[in-house]
2 protein chains.
Amino acid sequence: MKPSYHHKDLRKQLVSAGLRQLNRDGLVNFSMRRLAQDLGVSHAAAYRHFASKEALLAAIFLETSAAFRAALSASLVQPPPLANASSASSSAVAPPDASVALTRLGRAYVRFFLDNPEALGLFSALPEEQNLMLSLIASLDGAVPATASAPLIELASHAGADCFDSLPDDSAFGLLRGLVRAIRGQPAFRHLSEREVMLGYWAKVHGLASLLVTQKNFLPPDQLDASLDRLLETAF
Amino acid sequence: MKPSYHHKDLRKQLVSAGLRQLNRDGLVNFSMRRLAQDLGVSHAAAYRHFASKEALLAAIFLETSAAFRAALSASLVQPPPLANASSASSSAVAPPDASVALTRLGRAYVRFFLDNPEALGLFSALPEEQNLMLSLIASLDGAVPATASAPLIELASHAGADCFDSLPDDSAFGLLRGLVRAIRGQPAFRHLSEREVMLGYWAKVHGLASLLVTQKNFLPPDQLDASLDRLLETAF
DNA sequence: ACATCATGTTTACATCGTCAACATGAATCG
DNA sequence: CGATTCATGTTGACGATGTAAACATGATGT
């Protein structure tokens, strides 16, 4: 089998091999030419599929963020076992309690970045970084198509400063907002606005992810899951 | 006055102009040659002062982190006015209450990164990123000299996974640890380890900084200080 | 069979980080 | 004062990079 002039779906291989190189060498050392060489293809071959290096990174970002979204959604629908697993409810689509749901969501968030360390850098080093984190939140509802060809701009354009109020209640983000509202019902959080409660939750979760990714051993690794649960539950 | 062959303290100008370029063009587009050109000096001139681009960035990091340290220390010694300023105690070196001190510290932390947006990227994109955040915490005590010529390695070498327990109680970090211990005295936090309380606090503060830097308008900017105080106080 | 067109390849260029060889001039010492 | 030394700045070169233009190949549909 000759390696065949036409590589046939080079595109997918660029994205997946690119992701691999990203996690190996870091974002700063990400190189188009080395990537092409690794795939046994000449440099500039990638430019038949991506307009620029940034576009490739955007595609990788899109794939990663799709996985991210899936992980978060899964944590709400089919919760991974908490530290103290008691009831065996088979298909609890609606989470029993807001703070439990937020704990699950938070744990999935942190776990994802621990499993994909480079994703954090990717998510914040891309051109539309200003709107990125919120577009991720917004993209929870699937309103933004994850089709890999769409440039990042398109994704980010859906999430401005006002996306907090503009998404429908039955979207995933709307559900998150609902959880936040429920939390805000507790007397301890009454003096905060919705956005403040939301930001406080997200900040804690995101901060845990950031710090733990770069400080993997700050907490004893074997008790990490339990620690995470405790920390997230304590937030509310 | 001819621009003089010898530029005389090019080094400082490289650091400060470099910091400026960093905040303008971002870390990814940071260019040695453009920097030299902006200073009216030929490329490679910088290599008389810094062994590599990374070394320059490390120097910029050191300067930035010194300012960071100063801002944090100042917030503990001479607190910036909280939202509700009542008593005018002239020189309250010892903060009156642990949670108040932590709120002040947190606000200084967030404010610093809002004022120096690129510092966040700098702090996490540098070679010793693994130990960076904790070395910053550790460097609160001034054990690490801020002399600009020292490479980053030297700084980071002082902060390993064990710096949490190894610093003396009367250092700034020790003080922070004391604050954390005081907080842990409250019944709501008794079930958490010291490190967990510490991480929870730091995560919230760091997360607030990260999210607000990239989402400057998520909270109404005019009430940002008040919101921050509320959010930080609610953590405890 | 042939034309079309998506997909690879080659060549070329500007820019980048970095090094080696050289130039300059301020400081030191006779 | 004049010669020497040495830190500092310059020039030119090299290899690697991102990217565009011109060209090649071969799968596809008429």
Side-chain angles (χ1 to χ4, degrees), chain A residues 1-22 24-61 122 125-127 147-149 151-153, chain B residues 1-22 24-61 121-122 125-127 147-149 151-152:
Chain A
M1 49 135 156
K2 64 190 87 169
S4 76
Y5 187 95
H6 279 305
H7 205 273
K8 223 39 191 174
D9 68 2
L10 214 190
R11 180 181 184 109
K12 273 180 191 163
Q13 293 195 238
L14 280 171
V15 173
S16 68
L19 181 60
R20 227 176 306 126
Q21 194 191 74
L22 207 53
R24 187 159 29 83
D25 306 341
L27 182 82
V28 181
N29 304 90
F30 186 83
S31 158
M32 285 300 226
R33 291 176 105 112
R34 276 213 322 279
L35 186 57
Q37 191 171 341
D38 288 356
L39 291 178
V41 98
S42 249
H43 66 268
Y47 286 83
R48 291 296 140 175
H49 299 271
F50 301 99
S52 66
K53 175 178 175 174
E54 237 184 55
L56 208 201
L57 286 173
I60 295 177
F61 162 77
L122 227 200
L126 242 41
T147 49
S149 66
L152 186 60
I153 317 302
Chain B
M1 53 139 158
K2 64 188 88 166
S4 77
Y5 187 95
H6 279 305
H7 205 273
K8 224 37 192 176
D9 65 1
L10 215 191
R11 182 183 180 107
K12 275 179 190 163
Q13 293 194 239
L14 280 170
V15 173
S16 67
L19 181 58
R20 227 175 306 126
Q21 193 191 74
L22 207 54
R24 189 159 27 83
D25 305 341
L27 183 83
V28 180
N29 305 91
F30 186 83
S31 158
M32 283 302 224
R33 292 175 105 112
R34 275 214 320 280
L35 186 56
Q37 192 170 344
D38 288 357
L39 292 178
V41 99
S42 250
H43 66 267
Y47 286 83
R48 292 295 140 171
H49 300 270
F50 301 99
S52 65
K53 174 177 174 175
E54 237 183 55
L56 210 202
L57 286 174
I60 296 178
F61 162 79
L122 227 202
L126 242 40
T147 49
S149 66
L152 187 61

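Protein chains get the first letters and strands the later ones, always in sequence-line order, with residue 1 at the start of each. The model shown is predicted, which means the values in this text are computed figures rather than measured ones.
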Novice: To the nearest Å, give me how far apart CG (Leu14(A)) and C1' (dT7(C)) are.
Specialist: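 In whole Å, dT7(C) C1' lies 12 Å from Leu14(A) CG.
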Novice: For dC16(C) and Arg34(B) - does any side-chain N or O of the residue sit under 4.0 Å from the phosphate oxygens OP1/OP2?
Specialist: yes
Novice: When rounded to the nearest 0.5 angstrom, what distance separates CG in Leu10(A) from CZ in Arg48(A)?
Specialist: 12.0 Å
Novice: By nearest heavy atom, map His43(B) and Arg48(A) onto DNA chain D; which one lands nearer the 5' end?
Specialist: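 Residue closer to the 5' terminus by nearest nucleotide: His43(B).
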Novice: Report the distance from atom CG of Leu56(A) to atom P of dG18(D), rounded to the nearest whole Å.
Specialist: 10 Å
Novice: Between atom CZ of Phe50(A) and atom CD of Glu54(A), what is the distance when rounded to the nearest 0.5 Å?
Specialist: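 Phe50(A) atom CZ to Glu54(A) atom CD measures 13.5 Å (nearest 0.5 Å).
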Novice: Could you tell me the separation between the NZ atom of Lys53(B) and the P atom of dT15(C), rounded to a whole number of Å?
Specialist: 16 Å
Novice: Rounded to the nearest 0.5 Å, what's the gap from CE on Met32(B) to CD on Gln37(B)? Could you check?
Specialist: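 These two atoms lie 14.5 Å from each other.
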Novice: If you find the nucleotide of DNA chain D closest to Leu10(B) and the one closest to Arg33(B), which residue's nucleotide is nearer the 5' end?
Specialist: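 The residue whose closest nucleotide sits nearer the 5' end is Leu10(B).
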Novice: Starting at atom OH of Tyr47(A), determine the distance to atom P of dA12(C), rounded to an integer number of angstrom.
Specialist: 19 Å
Novice: Hey, which sits more toward the 5' end of DNA chain C by its nearest nucleotide, Ala44(A) or Phe30(B)?
Specialist: Ala44(A)
Novice: I need the CD-P distance between Gln37(B) and dG9(D), as an integer number of Å.
Specialist: 17 Å
Novice: Take the protein atom NZ of Lys12(B) and the nucleotide atom C1' of dT8(D), then report the distance between them rounded to whole Å.
Specialist: 16 Å
Novice: Between Arg20(A) and Asp38(A), does any NZ, NE, NH1 or NH2 come within less than 4.0 Å of an OD or OE carboxylate oxygen?
Specialist: no
Novice: From the set dT8(D), dT10(D), dA20(D), return the single nucleotide nearest to any side-chain atom of His49(B).
Specialist: dT8(D)
Novice: Please report the distance, rounded to the nearest Å, between CD in Glu54(A) and P in dT17(D).
Specialist: 18 Å
Novice: For Phe50(A) and dA20(D), what is the distance between atoms CZ and P respectively, to the nearest whole Å?
Specialist: 15 Å
Novice: Should Ser42(A) be listed as having a side-chain N or O under 4.0 Å from OP1 or OP2 of dG8(C)?
Specialist: no
Novice: Run the side-chain contact (heavy atoms from CB on, under 4.5 Å) check on Leu56(A) and Tyr47(A) step by step: do they pass?
Specialist: CA-CA 9 Å; Leu56(A) 208 201; Tyr47(A) 286 83; over 6 Å; no
Novice: Please pick, from dG9(D), dT17(D), dG17(C), the nucleotide with the shortest atom-to-atom distance to any side-chain atom of Ser31(A).
Specialist: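 Given the options dG9(D), dT17(D), dG17(C), the side chain of Ser31(A) is closest to dT17(D).
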